[in-house]
Amino acid sequence: MEPAGGGFSEDQFREACAELRRPALPGASWELLLEALGISIYGLLDQQTGLYEYKVFGVLDNCLPDVLADVYMDLDYRKQWDQYVKELYEKECNGETVVYWQVKYPFPMSNRDYIYIRQRRDLDLDGRKIHVILAQSTSVPQIAERSGVVRVNQYKQSLAIESDGKKGSKVFMYYFDNPGGQIPSWLINWVAKGSVPVFLNDMANACQRLSLMLGCVW
């Protein structure tokens with residue numbers, strides 16, 4: 001079910017929650033691509049684009065769920081810990097809040113930019129506190145495409161977080177991104193597969209630094 005009226009459906013939030021308990025990897029199409037840093041990455045090849053959809057499962061130690069969800073939502077803080085952010089901000093367009101995100105790409109490739117909606121819900125399911133964040137690309141006339149920057153029109157992400165029962169977070173993430181342009185699909189897949197665990201590890205480190213700055217004792 002697709003977002004309607006600038007939002008996401010109840011089913012989409014609950015589907016992300018369900019993946020934490022029982023990863024949905026139907027049939028033999030999903031394949032294990034990588035295990036690193038306590039994270040397992042599965043991929044499903046899209047025959048039309050040659051790109052993978054990704055499902056990521058794992059535990060981030062010493063990173064509390066509340067802090068992790070807050071850090072993920074904090075765009076200003078992300079500019080400090082994510083070295084690939086060129087520009088990142090929220091803007092009100094047509095009565096809804098959208099995010100503009102420009103990502104640095106290495107020369108000679110052009111930077112990519114995204115416009116997407118996102119929503120966070122903190123759910124209580126049978127005593128389990130689960131943070132769910134959904135994001136999906138959109139378009140608004142108020143943010144025009146820029147010369148020299150490739151607009152990404154296919155982007156989707158789901159993130160579900162709950163406690164691992166200790167001082168860490170159990171995490172599920174779904175991710176699909178078609179950066180467009182003339183980059184070969186094999187190169188996109190290779191970069192994406194390696195960058196996902198690095199991104200999660202960087203985010204976990206950012207959580208720990210924030211907790212120390214706030215004087216939290218774990």
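Side-chain atoms are counted along with the backbone in the values below, which use heavy atoms only and exclude waters and symmetry mates.
- In this structure, Ala16 and Val132 approach most closely via the heavy-atom pair CB-CG1, 3.8 Å.
- Rounding to the nearest 0.5 Å places CD1 of Ile41 at 11.0 Å from CZ of Phe57.
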Inset, instruction - For Asp202 and Arg78, run salt bridge (Lys or Arg N to Asp or Glu O under 4.0 Å): C-alpha distance rounded to whole Å, both residues' side-chain angles, the deciding distance at 0.1 Å, then the answer. - result: CA-CA 10 Å; Asp202 287 347; Arg78 182 165 178 174; over 6 Å; no
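- Atom CG of Asp126 is separated from atom SG of Cys17 by 10.5 Å, given to the nearest 0.5 angstrom.
- Atoms CG and OG, on Leu68 and Ser163 in that order, are 11.5 Å from each other to the nearest 0.5 Å.
- Residue Asp164 holds its CG atom at 9.5 Å from NZ of Lys170, rounded to the nearest 0.5 Å.
- Between Arg151 and Glu145 there is no salt bridge, since no side-chain N of the basic residue sits under 4.0 Å from a carboxylate O of the acidic one.
- Looking at Arg112, its side chain does come within 3.5 Å of a backbone N or O of Ser110 through a donor-acceptor pair.
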Inset, instruction - Given side chain to side chain contact (heavy atoms under 4.5 Å, CB included), test Glu10 with Arg121 step by step and report yes or no. - result: CA-CA 10 Å; Glu10 180 72 18; Arg121 289 186 59 184; 2.4 Å; yes
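- When only modelled atom types and interatomic distance are considered, Glu31 and Tyr52 share a side-chain donor-acceptor pair under 3.5 Å.
- A heavy-atom distance below 4.5 Å is not found between the side chains of Asp124 and Lys129.
- A continuous path of ILVMFWY side-chain contacts below 4.5 Å connects Tyr54 to Leu20, so both sit in one hydrophobic cluster.
- Without hydrogens or angle criteria, Tyr77 side chain to Ala206 main chain gives a donor-acceptor distance under 3.5 Å.
- Under the 4.5 Å side-chain heavy-atom criterion for grouping Ile, Leu, Val, Met, Phe, Trp and Tyr, Val71 is connected to Val85 within one hydrophobic cluster.
- A continuous path of Ile, Leu, Val, Met, Phe, Trp and Tyr side chains, each step under 4.5 Å between heavy atoms, connects Tyr105 with Val152, placing both in one hydrophobic cluster.
- When side chains are defined from C-beta on, Asn94 counts as touching Gln142, because their heavy atoms get closer than 4.5 Å.
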Inset, instruction - Decide yes or no on side chain to side chain contact (heavy atoms under 4.5 Å, CB included) for Glu87 and Arg146, but give the supporting numbers first. - result: CA-CA 13 Å; Glu87 193 173 349; Arg146 302 184 182 183; 2.8 Å; yes
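- For Lys166, the NZ atom counts as loosely surrounded, since its 6.0 Å shell holds 12 or fewer non-hydrogen atoms of other residues, nucleotides or ligands.
- Tested against Tyr174 for a side chain to side chain donor-acceptor pair (under 3.5 Å), the candidates Glu53, Glu15, Lys156, Glu19 yield a single pass: Glu53.
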Inset, instruction - Given salt bridge (Lys or Arg N to Asp or Glu O under 4.0 Å), test Glu162 with Arg21 step by step and report yes or no. - result: CA-CA 10 Å; Glu162 70 174 335; Arg21 174 171 287 177; over 6 Å; no
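- Checked by atom type, the side-chain pair Gln157/Tyr155 shows a donor-acceptor distance below 3.5 Å.
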Inset, instruction - Go through Lys86 and Asp113 one step at a time and tell me if the salt bridge (Lys or Arg N to Asp or Glu O under 4.0 Å) criterion holds. - result: CA-CA 9 Å; Lys86 174 69 173 178; Asp113 69 1; over 6 Å; no
Legend entry - Stepwise side chain to side chain contact (heavy atoms under 4.5 Å, CB included) test for Asn153 and Ser139: CA-CA 8 Å; Asn153 295 312; Ser139 61; 5.6 Å; no
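- Not a single donor-acceptor pair under 3.5 Å links the side chain of Ser169 to the backbone N or O of Leu60.
- The CG atom of Asn178 sits 9.5 Å away from atom CD of Gln48, with the distance rounded to the nearest 0.5 Å.
- Hydrophobic clustering of Ile, Leu, Val, Met, Phe, Trp and Tyr side chains at less than 4.5 Å, counting indirect connections, unites Tyr175 with Leu88.
- Between Ile130 and Phe13, the closest side-chain pair of non-hydrogen atoms is not below 4.5 Å.
- Minimum heavy-atom separation, Leu159 to Met173: CD1-CB, 4.0 Å.
- Interatomic distance, Tyr114 OH to Asp177 CG, rounded to the nearest 0.5 Å: 3.0 Å.
- In the hydrophobic clustering of ILVMFWY residues, with side-chain heavy atoms under 4.5 Å counting as a link, Val59 and Tyr42 come out apart.
- The shortest distance between side-chain heavy atoms of Gln154 and Asp46 does not fall below 4.5 Å.
- Atom OH of Tyr84 has 12 or fewer neighbouring heavy atoms from other residues, nucleotides or ligands inside a 6.0 Å radius.
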